[in-house]
Every structure is written in C-alpha cells, then in structure tokens.
Amino acid sequence: MTLAIGYAALGVLLQSVLAWRLSTRHRCASIADIFWPLHHLLAARVLLILLPAKDTSTPLIVMGLLLVWATRLASHLTIRQAGAPEDRRYQAIRLRIGDDFDRKSLFLIFIPQSLMAWFMTLLLIPALNTSEWSLFAYAGLGLAAVGLIWEVAADIQLAAFLKGPTCSRVLDAGLWSICRHPNYLSLIHISEPTRLLSISYAVVW
C-alpha cells in the first residue's frame, strides 16, 4: 500500500509540473483549476492499479463516478476559460509577487494543489480496496450522484443566465434561489467523491 501511495503522489506531482509549464507558456495560472479534478482522477487510477486486487466491481463504480465528475468539471472549466482573462485571484497573486510569479507559482499554487488532491484521494483507499460495501457506503454513493447532478444543473443555469440579456442582475432563479452558490455547495459538500464518499467508506474500513 505504501508503494501505491508513493506512486500516486509522484504521478500528481509530475502532472502539476505539466500544468505549471502550460500556465507559464500561456501566462494563465487559471489552468491550475482545470487540473484540480484531473489530479484526483490520476491518483485514484494509480491506487486502483497498484493496490491488492479484490474480486469485486465496487472499485469500478467508484472510478466511474470519479471519472464522470473529473471529466465534466475539467471540460466545463476549459470551456469557461477559453479566451477569458486569468482569474482575478491569480491576477492578484501575480501582481503581488511581480515578475517572479511564473517561477514561484509552481511552489505556491501547482504543487500544493496537487498534493492536496492526492491527500484527499487517499480517503478513497477503503472503497478501492474493500471486498464488500456496507449500506452506508451505497447511500453515500447515491448522495454523491445526486450532488453531481445538482452541480451540473447549477452550472447550466448560471451559463444560461450569463448569456441572457439580464446578466447584470443577480441570479435568483432555479437552484440559485435556494442558496447563493449552489454549484460550490454541491462541489464542496456533496458531489466531490473524495470528500463525501470518504465518510461512508470510513464505515467500511
């Protein structure tokens, strides 16, 4: 297991360097956001390959959900960032650091982000390495799926609103009438598999 964890860390670190090189080439640190779900996916894939095999389909269910979440989020962010200026968060950091931002961003943004994703993905080890799930785990899987649908719906509603003639107003329809940021709510508390499912898998472990 230690070997699998180490290779997963190495994989996301190398991927973070790739993301950093792309960001310096295009002078856009927003690329880090696109790689956030991809770090989770890579780490989980390495763990699935290297952990002791179990005669069960449940790890494939976990990977399927993770694949859908990561692909959807990375694609959504890629489309949203195409032709757009660098996110204002990164612009503020770039302005504060100055000309040395491109070099320092590797250690300030890209590597820490990849290691955070790697650490969170380690919480999936019980789900990837167990031969039997409890009812709590299946309940967590179902809730994660609902959260993913919620996240997608919130992003679709926001995109439609921004393209409309009233995009200067505050979005207060659909899921956005329930809370101020339903997409982030689902991402943080519901749909991101490595956060929600880890609670249920703790029961399995």
Side-chain angles (χ1 to χ4, degrees), residues 1-16 18-19 31-81 110-156 182-205:
M1 182 178 295
T2 302
L3 184 64
I5 292 173
Y7 275 116
L10 179 60
V12 297
L13 283 173
L14 292 175
Q15 188 166 256
S16 72
L18 170 62
I31 290 175
D33 296 339
I34 298 175
F35 275 82
W36 168 251
L38 301 181
H39 291 323
H40 290 80
L41 186 61
L42 176 61
R45 178 59 177 164
V46 173
L47 291 173
L48 180 64
I49 293 174
L50 297 181
L51 286 175
K54 298 289 186 179
D55 185 19
T56 176
S57 62
T58 49
L60 297 181
I61 297 176
V62 177
M63 287 301 303
L65 178 62
L66 189 59
L67 177 62
V68 171
W69 168 78
T71 303
R72 204 289 308 184
L73 182 56
S75 301
H76 171 72
L77 293 174
T78 300
I79 295 172
R80 190 177 71 180
Q81 291 183 18
F110 289 90
I111 287 180
Q113 181 201 62
S114 67
L115 291 178
M116 185 183 300
W118 163 77
F119 179 75
M120 293 172 58
T121 308
L122 294 183
L123 299 174
L124 284 177
I125 288 178
L128 298 173
N129 196 38
T130 186
S131 59
E132 184 177 359
W133 278 14
S134 69
L135 291 178
F136 289 102
Y138 283 107
L141 185 68
L143 187 57
V146 171
L148 179 59
I149 295 172
W150 175 293
E151 178 188 341
V152 173
D155 283 337
I156 291 175
N183 50 349
Y184 291 142
L185 173 66
S186 61
L187 179 66
I188 295 173
H189 297 293
I190 301 177
S191 69
E192 189 167 330
T194 54
R195 292 184 179 179
L196 174 70
L197 295 183
S198 62
I199 300 174
S200 299
Y201 300 152
V203 179
V204 180
W205 207 351

Q) Roughly how far, to the nearest 0.5 Å, is the CG atom of L73 from the CH2 atom of W36? A) 10.5 Å
Q. Can you tell me how far the CG atom of L66 sits from the CG atom of L60, to the nearest 0.5 Å?
A. 12.5 Å
Q: Return the set of residues passing side chain to side chain contact (heavy atoms under 4.5 Å, CB included) with A9 (not counting sequence neighbours), or none when no residue passes.
A: W118
Q: Might you point out which heavy atoms bring H39 and A117 nearest each other, and give the distance in Å?
A: CB-CB, 3.5 Å
Q. Which pair of heavy atoms, one from G11 and one from L42, lies closest together, and at what distance?
A. O-CD2, 3.3 Å
Q) To the nearest 0.5 Å, what is the distance between OG1 (T2) and OH (Y7)? A) 12.5 Å
Q.
So, using side chain to side chain contact (heavy atoms under 4.5 Å, CB included) as the criterion, who are the partners of T71 when residues are at least two apart?
A. L67, S75
Q.
Give me the atom names and distance for the closest heavy-atom approach of V46 to A4.
A. CG1-O, 4.0 Å
Q | Flag side-chain contact, heavy atom, 4.5 Å: I111 against L13 | A | yes
Q | Inter-residue atom distance M63.CE - R45.CZ, 0.5 Å rounding | A | 6.0 Å
Q. Who are the side chain to side chain contact (heavy atoms under 4.5 Å, CB included) partners of L38, not counting sequence neighbours?
A. Q15, F35, A74
Q.
So, using side chain to side chain contact (heavy atoms under 4.5 Å, CB included) as the criterion, who are the partners of I79 when residues are at least two apart?
A. none
Q) From T121 OG1 over to L48 CG, what is the distance, rounded to the nearest 0.5 angstrom? A) 12.5 Å
Q: Rounded to the nearest 0.5 Å, what's the gap from NE2 on H76 to CG on D33? Could you check?
A: 10.5 Å
Q: Name all pairs fulfilling the salt bridge (charged side-chain N to carboxylate O under 4.0 Å, His left out) condition that reach into residues 68-77, sequence neighbours left out, sorted by first residue then second.
A: R72-E151, R72-D155
**Q.** For I31 against A19, the heavy-atom pair lying closest together
**A.** CG2-O, 4.0 Å
